[in-house]
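First up is the structure itself, then whatever we jot down about it.
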Amino acid sequence: GLGRSREGAETDVATTLAAALARETDAAARTAIVAALGKVGGATAQEALRSLAATHPPGARATAPAHDRGPEGEHAARLDARTATELRKALKDISITYENTLMALVSALDAREHGATVLLRTTVEKIHVEGGAVTGVRTRDRLTGVASEYTARVVVNATGAWGPITASLAGLEGKVKLRPGKGVHLILDRPVTDVAVLVDAIDGRQIFIEPWENTSLIGTTDDDTYADLDDLPVTTDEVRYLVEGVEQVVPRVREARIVGTTVGARPTLYKYGPTEDALSREHEIVDHAKDGARGLYSLLGGKLASYRMFAQEAADLIAPTLGNATHGTTHTSALPGGDRLLDPAALAARFDVSRHAAARLISRHGARAESVLGDGGPRATVTVCRSEPVLAGEIRYAVKVEGARTLQDVARRTNLALGPCGGVECALAAAVIAGDVLGWSPSEVRAQAADLLRARRKSRLPAIGAAQARSLGRGVTP
């Protein structure tokens with residue numbers, strides 16, 4: 001392993017933040033520092049947060065800013081009495097949510113705008129190795145079935161939990177080992193709290209509930225998985241485990257309806273023996289020259305929270321082998337849309353959309369929200385999905401700029417059909433808009449809408465209640 005550990009970097013940052021928290025007296029500044037500590041994690045950060053929780057008076061107002069919920073107006077952030085009383089068990093923080101899909105997407109857009117070619121829904125079938133060095137890859141478009149060959153002096157295996165499978169395509173079976181950990185999240189039909197709340201589950205693991213646009217997100221489990229990484233199951237037991245844990249501190253979570261689940265696999269570094277929660281979240285860069293595949297590198301472990309640092313370490317190691325000695329600038333360069341701030345009120349007035357819709361666009365696209373609305377056609381401001389809301393211009397932008405090739409691609413980029421309706425009210429309309437750009441036939445439009453509805457229904461099945469189960473028996477989509 002050649003990479004510096006994420007945990008070591010976290011300790012440095014946490015130490016600095018903890019010292020700042022000890023000196024600071026301004027309430028707003030302390031709130032910002034607490035938020036930063038919550039994101040960093042690690043023992044030092046947790047010690048500072050526990051100290052703050054121990055001195056926080058029960059019933060005090062949360063220090064998070066007012067949370068805009070659209071037509072209902074701004075709501076002052078206040079924790080319920082049970083939560084405020086039990087701060088020793090649950091540490092409060094302003095919303096720590098960031099969209100993992102958008103983080104990956106804007107990074108890919110940034111690469112493309114710097115000259116990269118980005119292929120979506122394309123799989124690598126073979127990594128060619130000749131004379132002890134990689135020479136290229138064979139790929140296949142999963143929608144068209146077309147195979148392509150690419151030559152390369154360097155191939156980087158950055159495929160997360162799939163890393164061992166990808167390495168095997170170069171004949172390196174058994175040379176890369178990970179211990180994938182399954183993580184499940186629940187999506188609720190409303191924001192249950194205005195702040196993120198960290199809670200101890202029944203087994204002592206830390207889980208959370210946090211507002212996520214017009215929904216809430218509860219997570220996460222951490223269990224070894226030996227299942228198909230492309231089709232990980234979500235069980236009713238996992239759903240009940242998460243709800244039970246959050247309920248201890250936020251009882252009103254039971255009033256909300258679970259409208260979806262998500263599941264993924266952590267690319268945890270392999271070690272036999274420790275429990276899942278005790279495994280290291282460090283990352284490693286493996287040079288496979290020692291395995292007879294010079295020019296092949298595997299990026300293993302780590303978390304999305306440290307992805308930029310991880311990528312810089314890899315680039316600093318690999319770029320010189322290609323004759324590139326330029327210093328990286330990603331730590332000082334904005335990602336697409338992050339170059340300037342937009343005013344939600346001004347954007348709303350300019351394009352005649354609600355302030356809520358404008359604020360949502362800015363939070364997701366930054367300065368490029370202007371392009372989403374300005375280049376989205378004459379009906380760009382029409383609301384297609386009322387739950388978030390998703391506008392017609394967003395759907396066109398997802399296809400034309402962000403590379404979406406299916407309606408499920410669009411949904412991942414926009415949160416289309418994420419709300420209570422599960423796509424029943426918006427899937428077909430969205431498919432018509434996407435199909436207009438992609439040239440789908442009427443039958444393909446219907447098929448794309450049906451695929452999205454099936455995917456949303458599948459994500460709800462582990463969490464359905466008795467009434468929903470009865471409606472399924474009558475053939476009604478929940």
Side-chain angles (χ1 to χ4, degrees), residues 97 99-102 105 120-121 143 182-192 211-221 228 230-236 238-239 242-243 256-265 360 364 383-392 394-395 398-399 402 404-435 438 440 443-478:
T97 303
E99 291 258 10
N100 55 358
T101 300
L102 289 181
L105 179 61
L120 293 96
R121 291 197 173 263
L143 296 184
K182 185 176 74 166
V184 171
H185 292 84
L186 313 180
I187 303 168
L188 307 184
D189 64 350
R190 70 198 72 174
V192 176
W212 184 31
E213 295 194 357
N214 282 352
T215 68
S216 291
L217 196 66
I218 297 177
T220 173
T221 61
D228 180 356
D230 290 317
D231 191 23
L232 291 173
V234 178
T235 68
T236 301
E238 290 165 327
V239 173
L242 291 171
V243 173
R257 175 185 169 198
I258 300 172
V259 295
T261 60
T262 68
V263 60
R360 178 183 179 276
R364 299 179 68 82
T383 299
V384 179
C385 177
R386 293 182 295 174
S387 297
E388 290 303 328
V390 177
L391 306 181
E394 288 183 79
I395 297 172
V399 175
E402 297 175 341
R405 300 180 64 192
T406 69
L407 193 59
Q408 289 195 53
D409 289 347
V410 171
R412 274 189 284 273
R413 288 156 174 75
T414 63
N415 285 346
L416 177 78
L418 188 66
C421 84
V424 171
E425 297 180 2
C426 62
L428 186 57
V432 170
I433 296 169
L438 291 167
W440 291 339
S443 60
E444 181 64 17
V445 166
R446 291 192 294 272
Q448 290 286 334
D451 284 346
L452 178 59
L453 289 172
R454 280 191 290 268
R456 290 296 191 232
R457 173 171 167 161
K458 179 181 178 181
S459 81
R460 293 180 177 205
L461 287 177
I464 61 173
Q468 290 171 292
R470 285 192 293 270
S471 71
L472 279 176
R474 294 192 296 270
V476 179
T477 301

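Please read these numbers as outputs of a predicted model, since none were measured by experiment.
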Report the residues that fulfil side-chain hydrogen bond (donor to acceptor under 3.5 Å, both in side chains) with Arg446, sequence neighbours left out, ordered by chain and then residue number. none
What's the spacing between Thr261 OG1 and His185 NE2 if we round to 0.5 Å? 11.0 Å
From the list Leu242, Ile187, Val243, side chain to side chain contact (heavy atoms under 4.5 Å, CB included) with Ile258 holds only for Val243
Stepwise side chain to side chain contact (heavy atoms under 4.5 Å, CB included) test for Leu452 and Leu416: CA-CA 10 Å; Leu452 178 59; Leu416 177 78; 3.8 Å; yes
Taking all atoms of both residues into account, what is the closest heavy-atom pair of Ser216 and Pro191, and its distance? OG-CA, 3.2 Å
Lys182 side-chain N/O to Val234 backbone N/O, donor-acceptor pair under 3.5 Å: no
Thr221 side-chain N/O to Val184 backbone N/O, donor-acceptor pair under 3.5 Å: yes
When you measure from the side chain of Thr101 to the backbone N and O of Arg413, does any donor-acceptor pair fall under 3.5 Å? no
Any donor-acceptor pair under 3.5 Å linking the side chain of Asp189 with the backbone of Arg257? yes
Taking Arg360 for the side chain and Glu213 for the main chain, is one N or O donor matched with an acceptor at less than 3.5 Å? no
Which distance, rounded to the nearest 0.5 Å, do you find between the CG of Leu120 and the CG of Leu105? 8.5 Å
Is any side-chain heavy atom of Val399 closer than 4.5 Å to a side-chain heavy atom of Val410? yes
Would you check if the side chain of Gln448 reaches a backbone N or O of Leu407 as a donor-acceptor pair within less than 3.5 Å? yes
Evaluate the criterion side chain to side chain contact (heavy atoms under 4.5 Å, CB included) for residue pair Val259 and Leu418; output intermediate values, then yes/no. CA-CA 8 Å; Val259 295; Leu418 188 66; 5.9 Å; no
Which residues pass the side-chain hydrogen bond (donor to acceptor under 3.5 Å, both in side chains) test with Thr406, sequence neighbours left out? Arg121, Asp409
Using 0.5 Å steps for rounding, measure from the CG atom of Leu188 to the CG atom of Leu217. 8.0 Å
As an exercise, state the distance from OG1 of Thr235 to CG of Leu461, rounded to the nearest 0.5 Å. 13.0 Å
Could you tell me the separation between the CZ atom of Arg457 and the CD1 atom of Ile464, rounded to the nearest 0.5 Å? 8.5 Å
Is it true that a side-chain atom of Thr383 and a backbone atom of Arg386 form a donor plus acceptor pair closer than 3.5 Å? no
